[in-house]
Amino acid sequence: MSDFFQNGVITTLHNLTDRPVEALEEELHGFAARNPMTLILPSLYSELEGPALGKIVQQLRRATYINEIVIGLDRANAQQFERARCFFDVLPQRKRILWNDGPRLKALDAELREHGLAPLEPGKGRNVWYCVGYVLAANNSRAVALHDCDILTYQRDIPARLFYPVANPAFGFEFCKGYYSRINQGRLSGRATRLFVTPFIRSLMKIIGHADYLQYMDSFRYPLAGEFSMRTEMLSSMRIPGDWGLEVGILSEVYRNTSTRRVCQVDIADNYDHKHQVMGENKNAGLSRMSYEIAKSIIRRLGTDGVPMSREFFRALKATYYREALDMLSRHAADARINGLSIDRHAEEQTIELFSRNIIEAGETYIEQSMDVPLIPNWNRVASAIPDFAERLLEAVEHDNGTFTCTSTNNIRKVLSVV
């Protein structure tokens with residue numbers, strides 16, 4: 001059982017009781033008439049063949065309060081797209097798949113590139129951005145949620161608890177971030193948050209002093225969670241990173257666009273397990289790359305607030321972070337020990353050393369690439385530059401999905417056989 005302690009500048013919605021998910025869903029059905037809900041699933045085709053997504057689809061079949069499910073499908077050829085349509089055809093909700101590698105969406109992407117408006121880097125950020133564009137063009141939802149497609153411990157409590165805070169008209173929340181514990185096979189997980197994000201933000205607070213943005217970021221229990229929900233009207237003005245700083249970038253955009261009183265975080269799972277990233281040896285791969293790009297995202301945000309940052313600043317930040325991260329590691333080691341969990345202190349100290357080097361790399365990038373424009377333009381700008389683009393995006397997705405009869409039953413059997 002969780003506690004009910006409220007800290008920071010955002011509201012925390014705990015999981016205090018064993019309330020049945022059916023009770024939440026009954027209320028959500030009532031909210032849906034006024035606040036129709038859309039779920040976004042950014043997915044690689046390879047995840048359709050993995051151990052998680054079949055169970056996710058099976059669970060979502062019972063989440064009938066959801067009006068529409070939008071699947072962003074990456075790295076799929078024509079045959080794989082047809083298989084994906086069969087795979088998701090078991091869902092009773094309205095569903096649309098964005099075939100990002102298909103000729104129609106690639107043509108629209110090329111048009112955006114000619115106007116300097118397209119995402120420059122492939123990946124989750126680009127996938128989510130196009131899904132957001134489709135949701136805005138469809139104009140049939142008031143609340144949108146998103147979660148990853150590699151959650152091995154998925155239950156339908158996750159979308160229910162994500163949607164509830166923004167769909168309930170009595171609450172007034174515009175954005176909700178999911179959080180959860182990361183304990184897997186007797187080990188303490190969540191290295192990127194434990195060993196990098198939290199000590200990095202607190203190190204910045206030591207050097208800079210009080211900053212509303214840093215206090216806001218430090219209020220999130222798990223800022224790197226890929227699960228969140230928001231009111232649909234927030235989507236059109238959001239600019240998000242196209243790199244691995246997506247989650248932090250979204251939190252920064254929420255901070256810029258709304259009041260912290262309208263932001264909350266919700267406990268969505270007693271335990272959460274998904275595909276684990278390898279560490280990587282440099283800033284180009286794995287969790288190492290993630291730490292580098294998260295650092296860039298936060299540094300850029302501070303720059304927009306007028307915080308002066310020089311090479312001397314980043315050297316001091318590296319030293320402060322290193323000490324703060326080691327202290328945080330000691331806290332987590334004690335927490336793990338009393339709970340009978342294992343933690344490899346030597347490996348985690350090596351991780352901290354790697355992360356500290358990436359802070360210097362991120363600082364150098366910020367100084368040397370001051371003219372870089374790292375964020376994907378928002379959809380308001382696209383509408384201004386190409387007024388009919390939303391309608392043509394909607395038409396392209398409708399053409400790709402079309403009316404069809406799924407003749408292959410292999411994927412359907414796979415989904416329905418998931419326990």
Side-chain angles (χ1 to χ4, degrees), residues 21 38-64 66 68-76 80-81 83-93 95-101 122-125 127-128 131 144-163 177-193 222 224-229 244 246-247 266-278 286-287 290 408-419:
V21 65
T38 294
L39 177 64
I40 294 175
L41 300 177
S43 177
L44 300 169
Y45 176 78
S46 60
E47 288 175 316
L48 275 68
E49 300 176 329
L53 190 51
K55 181 175 182 179
I56 291 172
V57 170
Q58 175 72 348
Q59 289 286 313
L60 286 174
R61 293 179 71 216
R62 300 172 65 187
T64 52
I66 298 174
E68 182 171 32
I69 297 179
V70 176
I71 302 105
L73 184 65
D74 274 346
R75 302 183 190 176
Q80 290 168 334
F81 174 59
R83 290 173 182 166
R85 295 209 296 178
C86 290
F87 186 91
F88 291 106
D89 192 50
V90 298
L91 291 169
Q93 301 90 345
K95 58 263 180 189
R96 291 294 183 269
I97 302 175
L98 271 71
W99 181 21
N100 292 317
D101 298 298
K124 181 180 176 182
N127 192 337
V128 170
C131 288
V144 176
L146 180 148
H147 65 64
D148 292 331
C149 292
D150 61 351
I151 308 170
L152 297 168
T153 51
Y154 189 87
Q155 298 293 329
R156 72 181 198 274
D157 306 60
I158 289 178
R161 294 183 67 82
L162 272 179
F163 271 119
K177 182 76 164 177
Y179 75 90
Y180 36 75
S181 62
R182 294 296 311 280
I183 302 165
N184 305 119
Q185 299 179 344
R187 298 180 61 86
L188 203 60
S189 298
R191 292 168 295 173
T193 292
Y222 203 81
L224 299 186
E227 296 73 33
F228 58 85
S229 62
W244 286 20
L246 174 66
E247 286 78 16
V266 63
D267 188 348
I268 59 173
D270 290 336
N271 193 22
Y272 179 105
D273 190 16
H274 67 164
K275 179 179 65 179
H276 297 275
Q277 291 283 351
V278 298
L287 288 182
M290 183 181 293
S408 171
T409 59
N410 291 337
N411 285 327
I412 294 179
R413 288 198 187 104
K414 177 181 177 183
V415 174
L416 293 178
S417 67
V418 173
V419 178

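Since this is a predicted model, take the numbers as computed values, not measurements. Sequence positions, counted from 1, serve as the residue numbers for this chain.
Taking all atoms of both residues into account, the shortest heavy-atom contact from L287 to R191 is CD1-NH2, 3.3 Å. Taking all atoms of both residues into account, the shortest heavy-atom contact from G72 to N100 is C-ND2, 4.0 Å. Closest approach of L224 and A192 over heavy atoms only: CD1-CB, 3.5 Å. Residue L246 comes nearest to V128 through the heavy atom pair CD2-CG2, 4.2 Å, listed as atom of the first residue, atom of the second, then distance. Closest heavy-atom contact between C131 and I40: CB-CG2, 3.7 Å. Nearest heavy atoms, A52 versus L152: CB-CD2, 3.9 Å.
Contacts of R156 classified as salt bridge (Lys or Arg N to Asp or Glu O under 4.0 Å), with partners at least two apart in sequence or in another chain: E22, E25. Listed by chain and number, the residues in a salt bridge (Lys or Arg N to Asp or Glu O under 4.0 Å) with K95 amount to none (sequence neighbours excluded). In this structure, the side-chain contact (heavy atoms from CB on, under 4.5 Å) partners of P92, at least two apart in sequence or on a different chain, are R61, T64.
Residue K124 forms a salt bridge (Lys or Arg N to Asp or Glu O under 4.0 Å) with just one option from D150, D74, D148, and that option is D148.
Atom CG of L39 sits about 5.5 Å away from atom CD1 of I69, to the nearest 0.5 Å. Remark: I66 CD1 to T38 OG1 distance equals 9.0 Å, nearest 0.5 Å. Note that the CG atom of L60 and the CD atom of Q93 stand 6.5 Å from one another [nearest 0.5 Å]. Y180 contributes atom OH, which lies 9.0 Å from atom OG1 of T153 (distance to the nearest 0.5 angstrom). Note that CD of E49 is 9.5 Å distant from CZ of F87, once rounded to the nearest 0.5 Å. Rounding to the nearest 0.5 angstrom, the gap separating the SG atom in C149 from the CG atom in L53 is 5.0 Å.
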side-chain contact (heavy atoms from CB on, under 4.5 Å) assessment of Y179 paired with D267: CA-CA 5 Å; Y179 75 90; D267 188 348; 3.5 Å; yes
Evaluation steps, side-chain contact (heavy atoms from CB on, under 4.5 Å), between I56 and H147: CA-CA 10 Å; I56 291 172; H147 65 64; 3.9 Å; yes
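Not one N or O on the side chain of D157 forms a donor-acceptor pair closer than 3.5 Å with the backbone of V21. No donor-acceptor pair under 3.5 Å is formed between the side chain of E247 and the backbone N or O of F228. A donor-acceptor pair under 3.5 Å is formed between the side chain of S181 and the backbone N or O of D270. A donor-acceptor pair is defined here as one N or O able to donate and one able to accept, closer than 3.5 Å; no such pair exists between the side chain of T193 and the backbone of Y222.
No salt bridge links R161 with E227; every basic N to acidic carboxylate O contact stays at or beyond 4.0 Å.
Under the 30°/60° scheme for interplanar angles, the aromatic rings of F81 and W99 are found to lie parallel.
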